Asks: 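Attaching a single structure in structure tokens format; questions to follow.
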Amino acid sequence: MSLVNQFRSEPSRSVLVGPSALVKQAQQRKQRQQWLIYGSRLLLVVGVLLFWQFASGTILDSSFLSNPLAILRQTITWLSDGDPWYESTLIINTAVTLEETLLGLLFGIVSGLLLGFLFGLQPTLERIFNPFIIALNSIPKIALAPLFILWLGIEIPMKVVLAAVTVFFLIFLNTLNGVRNVDQHLVDAVRLMGGRQRDVIFKVILPSATGSVLTGLHVAIPYALIGAIVAEQIGANHGIGYLIQSSGESFNAAGIFAALLVLTLIAGLLNAIVNLIDRKTSHWKAGLKLSSSDQS
């Protein structure tokens, strides 16, 4: 049989592979790529930890950088020195910092959202207050800590206010930017269909600004932690910032790294919650984009 006849007698490979098979192959490739990424990350972390452990005391000065095993021992010590367990050093101080951070995020997000939408919907009001907002935002928030201590003392309210002020400007500016950049064609379309101002706000402006708000929230989480930690280091007797400060004063590098590990876990948990919110609202934003393309 000639090659031409053999080729004609065999069905094309592209015909045999249907759309469902192609989709399955694409999903398998994507899954393999994800496992490759996760595996590479794990190997990278394990490699760094092994190098750190074996280089500590030889290449690296253990009194300044400690080592993973010492950090683990310090963490276990802080977790097991309480009776009952939830009164241990690490649990109590983590709870204090988490409370300050969450309250700071709550107050900062609510006030930033409300004023961001208000100024975005009232351009004249925004023009009046714009220079004052820029001036206040340009002040380093850490410089406000002594003033807040003077007003509120060194207890939890002072840390909450400092974290909230730090978060407020990030949420406010991102919300204001999101409201400003709403597609005017969508607004006009809703109004032409008889929609009221409430319909414009809830069906166009709010979904359009969601992306900018979530971006601001991602940025605000570490800054809320920074505000709480800095306030604790300036004046406090509880919190992760206090643990870092006291560990530094006693030259306990393992304690500093153990506290930093807890802060990393807190930030990762809060960011995971924001990512979950982002996924839950993705269909809302996708629907808005689809309606925008239909209008065009």
Side-chain angles (χ1 to χ4, degrees), residues 31-102 140-143 145 154 159 162-163 166 218-275:
Q31 188 175 17
R32 285 196 298 268
Q33 186 178 20
Q34 287 178 341
W35 281 113
L36 176 63
I37 293 172
Y38 294 148
S40 300
R41 289 175 180 174
L42 179 60
L43 288 176
L44 179 61
V45 171
V46 172
V48 170
L49 291 177
L50 288 175
F51 171 78
W52 186 3
Q53 180 64 40
F54 289 109
S56 178
T58 54
I59 302 174
L60 304 176
D61 191 341
S62 59
S63 60
F64 290 101
L65 292 175
S66 188
N67 59 72
L69 288 180
I71 295 169
L72 179 62
R73 285 195 296 269
Q74 180 65 74
T75 304
I76 294 174
T77 299
W78 279 347
L79 281 172
S80 58
D81 61 358
D83 187 20
W85 65 270
Y86 53 80
E87 291 184 357
S88 64
T89 298
L90 193 60
I91 297 297
I92 290 176
N93 288 281
T94 300
V96 170
T97 299
L98 192 58
E99 179 185 3
E100 296 163 355
T101 302
L102 291 177
K141 307 307 176 288
I142 297 175
I154 63 171
K159 288 90 170 177
L162 186 59
T166 306
H218 276 293
V219 179
I221 287 173
Y223 277 91
L225 277 171
I226 290 172
I229 295 301
V230 168
E232 289 172 352
Q233 290 180 330
I234 292 175
N237 51 13
H238 287 98
I240 301 298
Y242 168 75
L243 285 182
I244 294 174
Q245 185 76 8
S246 60
S247 297
E249 291 174 352
S250 60
F251 300 99
N252 181 9
I256 296 175
F257 280 105
L260 292 176
L261 177 62
V262 174
L263 287 180
T264 303
L265 294 176
I266 293 175
L269 175 62
L270 294 176
N271 272 305
I273 295 174
V274 176
N275 288 332

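What you are looking at is a predicted structure, and each value in this text was computed from that prediction instead of being measured.
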Asks: Short question: side chain of S88, backbone of S80 - any donor-acceptor pair under 3.5 Å?
Replies: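 No, S88 side chain to S80 backbone: no donor-acceptor pair under 3.5 Å.
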Asks: Does a side-chain heavy-atom distance below 4.5 Å link V262 with L90?
Replies: yes
Asks: Measure the CG-CD1 distance between L269 and I266 for me, rounded to the nearest 0.5 Å.
Replies: 8.5 Å
Asks: When you look at CD of E87, are more than 12 heavy atoms from neighbouring residues, nucleotides or ligands closer to it than 6.0 Å?
Replies: yes
Asks: Who are the side chain to side chain donor-acceptor pair (under 3.5 Å) partners of Q233, not counting sequence neighbours?
Replies: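 Partners of Q233 under the side chain to side chain donor-acceptor pair (under 3.5 Å) test: none.
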Asks: Just verifying a value: how many Å separate W78 CH2 and I92 CD1, rounded to the nearest 0.5 Å?
Replies: 13.0 Å
Asks: I'd like to check V96 versus E232 (side-chain heavy atoms, cut-off strictly below 4.5 Å). Are they in contact?
Replies: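 V96 reaches E232 side chain to side chain.
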Asks: Return yes if some donor-acceptor pair links the side-chain N/O of T166 with the main-chain N/O of G227 below 3.5 Å, else return no.
Replies: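 Checked: no pair found.
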Asks: Please round to the nearest 0.5 Å and tell me the distance separating atom CD1 of I256 and atom CD of Q245.
Replies: 9.0 Å
Asks: Hey, does W52 have a side-chain heavy atom less than 4.5 Å from the side chain of I71?
Replies: yes
Asks: Indicate yes or no: at least one non-hydrogen side-chain atom of L270 is less than 4.5 angstrom from one of L102.
Replies: yes
Asks: Return the minimal non-hydrogen interatomic distance between T97 and G241, and the atom names on each side.
Replies: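 What the structure gives for the nearest pair is OG1-N, 4.4 Å.
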Asks: Give the ring-plane orientation class for H238 versus Y242, where under 30° counts as parallel, over 60° as perpendicular and anything between as tilted.
Replies: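 Plane angle between 30° and 60°, so tilted.
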Asks: Working to the nearest 0.5 Å, report the span between CG of N93 and CD1 of I244.
Replies: 10.5 Å
Asks: Residues two or more places apart in sequence or in another chain: which of them pass side-chain contact (heavy atoms from CB on, under 4.5 Å) with L69?
Replies: Q53, N67, R73
Asks: If you draw a 6.0 Å radius around CG in L265, do more than 12 non-hydrogen atoms from other residues or ligands fall strictly inside?
Replies: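 It does: L265 CG has more than 12 such atoms within range.
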Asks: If the condition is side chain to side chain donor-acceptor pair (under 3.5 Å), which residues does S246 pass it with, not counting sequence neighbours?
Replies: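 By the side chain to side chain donor-acceptor pair (under 3.5 Å) rule, S246 matches no residue at all.
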Asks: Starting at CG of L60, measure out to CZ of F54 and round the result to the nearest 0.5 Å.
Replies: 13.0 Å
Asks: Kindly determine whether L44 and S40 satisfy side chain to side chain contact (heavy atoms under 4.5 Å, CB included), including the steps that lead there.
Replies: CA-CA 6 Å; L44 179 61; S40 300; over 6 Å; no
Asks: When you check the side-chain N and O atoms of N252 and S250, is any donor under 3.5 Å from an acceptor?
Replies: no
Asks: Do N275 and H218 come close enough that some side-chain heavy atom pair is under 4.5 Å?
Replies: yes
Asks: Which heavy atom of S66 sits nearest a heavy atom of A254, and at what distance?
Replies: OG-CB, 3.4 Å
Asks: Minimum heavy-atom separation for L162 to A231, with atom names?
Replies: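 Nearest heavy atoms, L162 then A231: CD2-CB, 3.7 Å.
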Asks: Please report the interatomic distance CG(L243) to CD(Q74), rounded to the nearest 0.5 Å.
Replies: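 Those atoms lie 9.0 Å apart.
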Asks: Counting only heavy atoms not in F257, do more than 12 fall under 6.0 Å of its CZ?
Replies: yes
Asks: If you take all heavy atoms of A224 and T101, which pair is closest and at what distance?
Replies: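 Closest pair (atom of A224, atom of T101, distance): CB-CG2, 4.0 Å.
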Asks: Using a cut-off of 6.0 Å, state whether more than 12 heavy atoms not belonging to Q34 lie near its atom CD.
Replies: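 Count over threshold, so yes.
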